[in-house]
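Data block below; observations after.
Since we're looking at a predicted model, the values are computed, not measured. Convention: sequence-line order gives letters A, B, ...; per-chain numbering from 1.
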Number of protein chains: 2
Amino acid sequence: MATIYDVAKAAGVSPKTVSRVLNDDAPVGRTTREAVQDAISRLGYVPSNAARVMRSNRSGLIGLITGAISNTPEAGDPKGLPELYIVQGVQEIFAEEAKTLMISDTGGRSDRVPALVSTFRQHRVEGLIYVADYHRQTRFEVRPGGPPVVLANCYDTIGTPSVLPDDRSCQRSLVARLIEAGHRRIGYLTLGNYMDATGLRIEGYRDAHADAGLSVDPDLILEAYREDHTPMTSALNRLLELPEPPSVICCGNDEMAMRLYGLLRTRGVEVPEEISVAGFDNYRAIAETLFPPLTTVELPYRELGRRAARRLLGIIAKDPPGTDDPVRIPGPVVWRSSVTAR
Amino acid sequence: MATIYDVAKAAGVSPKTVSRVLNDDAPVGRTTREAVQDAISRLGYVPSNAARVMRSNRSGLIGLITGAISNTPEAGDPKGLPELYIVQGVQEIFAEEAKTLMISDTGGRSDRVPALVSTFRQHRVEGLIYVADYHRQTRFEVRPGGPPVVLANCYDTIGTPSVLPDDRSCQRSLVARLIEAGHRRIGYLTLGNYMDATGLRIEGYRDAHADAGLSVDPDLILEAYREDHTPMTSALNRLLELPEPPSVICCGNDEMAMRLYGLLRTRGVEVPEEISVAGFDNYRAIAETLFPPLTTVELPYRELGRRAARRLLGIIAKDPPGTDDPVRIPGPVVWRSSVTAR
DNA sequence: CGATGTACTGACATCGGTGTCATGACATCG
DNA sequence: CGATGTCATGACACCGATGTCAGTACATCG
């Protein structure tokens with residue numbers, strides 16, 4: 001493998017001059033520059049980042065820790081997608097900034113994290129992004145003296161900068177649109193109560209009611225999530241048996257909505273004529289393909305990744321830290337024909 | 001940031017001895033070792049990979065190029081998933097081997113590839129894996145003198161080692177199972193003819209018929225794929241209007257099958273009682289959640305990634321090159337209730 | 001015309017590890 | 001008992017870039 005010395009010799013200049021051509025950080029004569037460039041391409045020279053890092057201490061590397069890659073334990077399971085979109089947004093920003101992203105996967109085992117951080121530190125990453133699989137609290141230990149960290153899709157209690165999806169405002173926007181469309185009895189089959197998102201979204205559901213001067217009937221809100229979808233049947237029964245059943249049912253995610261279509265049709269209930277349905281996530285493979293297409297709301301994960309990346313760049317460049325912590329990213333309602341006006 | 005000299009001084013030994021403790025590559029006295037380890041943790045010392053690479057020339061890095069991250073242009077679009085599973089398999093193997101994976105994304109623009117390769121070469125990656133978004137031919141230029149390359153989910157015409165999904169045997173297994181279940185008229189709504197996979201799968205469909213001594217009715221095979229799903233309606237009409245309509249319909253992917261459920265029900269055709277349906281991909285969010293759950297076949301993308309990674313490790317270690325090129329990975333039929341016996 | 005500034009270039013030290021070689025202290029062997 | 005081998009350790013050079021400093025040639029200014 002050719003070195004800068006080989007290039008220098010071939011071009012008849014000093015190594016330092018080659019370095020100047022490579023980095024364009026000092027004036028170089030026209031003919032000299034061309035001779036150097038010629039030698040570089042003739043020799044197929046590629047500079048060694050390792051040597052550069054040693055002297056200059058800027059690695060150009062950013063570390064990212066995620067379970068995105070292995071958190072999709074089986075083919076076709078969409079669980080890992082949010083993380084994936086976040087990674088995508090992060091990648092997008094760093095590609096622009098000519099930083100290289102090193103991605104490490106926890107393999108679903110958080111006890112591996114310290115080892116991954118240590119590897120990143122060996123590579124002298126300039127910063128670290130930790131991406132969680134779903135909106136949650138976390139504890140991400142970084143020793144003092146380590147690189148700056150930004151949390152994406154999670155937060156901690158010690159003030160580490162973090163960027164989160166705004167579950168509350170998303171649910172609020174969606175329910176506001178339903179109310180606007182004339183709905184007054186809005187059922188809500190939620191995700192598991194153990195999830196932060198569930199509480200936040202119920203807040204959003206309440207916010208929208210409060211904004212419209214409506215009271216909330218707690219009987220309309222039922223936890224109905226499980227991997228195997230079983231709780232949905234009984235939850236749906238309870239909603240339909242209410243003295244005043246809902247005219248629209250919101251679901252904790254689009255898969256639940258897909259399931260709900262089936263359950264309602266089994267009971268001979270037409271969607272959306274008799275009962276409207278709304279989802280959450282805008283999981284397009286489902287939301288667009290279902291008939292009728294599903295009204296839902298999108299968590300802007302890619303944007304979340306972009307913001308996390310910019311945040312980290314700001315910290316690396318020692319921008320004054322904003323007071324806006326955590327950053328919450330709102331997302332758009334996607335209106336399709338699974339909801340009718342009343 | 002502490003260096004190996006700081007540690008040496010703190011432990012009262014030479015830097016070389018610290019190095020020996022770190023790499024465990026030569027005997028070190030018990031008390032000396034403990035003194036060094038103590039100094040390391042006291043100082044929070046993390047060795048510099050850059051310095052290590054300079055001297056030893058082993059970077060411990062593997063480069064991976066993919067569009068997985070950005071090939072999912074919109075939320076919930078499953079297009080990028082195969083690549084993702086491949087990356088996952090690759091990651092799994094290299095994590096075991098203590099190699100660090102650098103992932104670069106093409107952002108969908110293949111003209112960026114040379115720049116990405118150049119960045120990887122600057123980091124002195126020991127090898128490179130190129131992952132394609134779907135089974136296809138590709139041309140991946142690496143200059144001579146560059147790191148070894150393995151292609152995953154794609155192949156070229158110049159003999160670069162590659163690992164591919166065995167579309168043909170997958171379709172063959174599926175159709176064989178259908179025949180075993182008593183089906184004799186097997187419709188097939190294929191993906192686009194421009195895709196390599198389509199031709200291979202039709203081969204597999206024929207293979208299964210030939211194995212069973214059945215002839216193939218070409219009228220049963222129709223190209224029916226488009227992003228907007230529109231061609232499916234007319235294709236289905238043509239199948240149903242045949243003098244002897246099919247008793248089961250295979251689809252090019254699980255989304256098409258999901259769509260087909262809807263179209264059949266609109267016509268009052270019961271699935272699976274009147275017509276059975278089979279998919280392709282085992283896209284679980286769909287295949288498991290649909291009612292009835294979908295019989296399909298799984299392309300083993302994660303395994304494909306693992307194999308590609310092991311292949312590359314073999315090449316790096318200069319194992320004798322196997323003659324088995326390209327490697328084709330078969331996958332299992334996943335039998336669910338969307339197909340009945342006849 | 002001498003002083004000053006700017007463009008261009010090279011010599012040399014240095015970053016933080018590891019490979020090579022040398023050395024001293026013991027243990028083992030014939 | 002001397003020869004040989006193994007364990008444990010250190011001295012030193014070196015990997016391939018870049019930061020610092022200095023020097024030359026030429027243009028510009030007062």
Side-chain angles (χ1 to χ4, degrees), chain A residues 1-37 39-40 43-61 100 118-126 145, chain B residues 1-40 43-61 98 100 118-126 145:
Chain A
M1 183 124 256
T3 74
I4 201 170
Y5 297 96
D6 301 329
V7 175
K9 193 179 295 179
V13 300
S14 75
K16 181 68 212 191
T17 296
V18 178
S19 170
R20 282 190 265 256
V21 172
L22 289 171
N23 297 290
D24 205 27
D25 56 358
V28 175
R30 197 188 143 76
T31 50
T32 313
R33 159 170 272 116
E34 279 163 8
V36 169
Q37 279 161 342
I40 286 174
L43 296 174
Y45 166 71
V46 181
S48 158
N49 196 67
R52 186 203 310 270
V53 172
M54 273 196 73
R55 196 71 179 89
S56 68
N57 245 3
R58 278 170 290 104
S59 67
L61 294 173
T100 304
S118 170
T119 303
F120 283 152
R121 294 192 64 181
Q122 290 187 21
H123 289 281
R124 298 295 187 262
V125 295
E126 296 174 16
Chain B
M1 182 125 257
T3 73
I4 201 169
Y5 297 97
D6 302 328
V7 174
K9 193 179 296 178
V13 300
S14 75
K16 181 66 211 193
T17 296
V18 177
S19 170
R20 281 190 265 255
V21 171
L22 288 171
N23 298 290
D24 203 27
D25 57 358
V28 174
R30 196 188 143 75
T31 50
T32 313
R33 158 169 273 118
E34 278 164 9
V36 169
Q37 279 162 343
D38 183 57
I40 287 174
L43 296 174
Y45 167 71
V46 181
S48 157
N49 197 66
R52 185 204 308 272
V53 172
M54 274 196 72
R55 194 71 176 92
S56 68
N57 241 8
R58 276 171 291 106
S59 67
L61 294 172
T100 303
S118 170
T119 302
F120 282 152
R121 293 191 64 181
Q122 289 186 22
H123 289 280
R124 298 295 189 263
V125 295
E126 297 174 15

At their closest point, which heavy atom of B:N49 faces which heavy atom of B:S59, and how far apart are they? ND2-O, 3.6 Å
Return the minimal non-hydrogen interatomic distance between B:T3 and B:Y45, and the atom names on each side. C-CE1, 3.5 Å
In whole angstrom, give the distance that lies between atom [atom1] of [X] and atom [atom2] of [N].
X	N	atom1	atom2	result
A:M54	C:dG16	CE	P	6 Å
B:Q122	D:dG16	CD	C1'	13 Å
A:N57	C:dG16	CG	C1'	10 Å
B:E34	D:dA8	CD	P	13 Å
A:H123	C:dG17	NE2	P	14 Å
B:N49	C:dC15	CG	C1'	15 Å
A:D6	D:dC15	CG	C1'	13 Å
B:R55	C:dG16	CZ	C1'	12 Å

Close side-chain approach of [X] to [Y], heavy-atom, < 4.5 Å:
X	Y	result
B:T32	B:V21	no
A:R20	A:D25	yes
A:K9	A:D6	no
A:M1	B:N57	no
A:V13	A:V28	no
A:N23	A:R52	yes

Tell me whether the OP1 or OP2 atom of [N] has a side-chain N or O from [X] closer than 4.0 Å.
X	N	answer
A:R58	D:dG19	yes
B:Y5	C:dT18	no
B:R52	C:dT18	yes
B:S56	C:dG19	no

More 5' along DNA chain D: B:T31 or B:A51, using each one's nearest nucleotide?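 Upstream on the strand: B:T31.
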Contact class for A:R33 (heavy atom, under 4.0 Å): base, sugar-phosphate, or nothing? nothing
Sequence neighbours excluded, the answer for salt bridge (charged side-chain N to carboxylate O under 4.0 Å, His left out) partners of B:D38 is B:R42
Using a cut-off of strictly less than 4.0 Å between a heavy atom of the residue and any atom of DNA chain C, enumerate the qualifying residues of residues 9-30 of chain B by number. B:K16, B:S19, B:N23
Secondary-structure string, 5' to 3', Watson-Crick or G-U under 3.5 Å, | for another-strand partners, for DNA chain D: ||||||||||||||||||||||||||||||
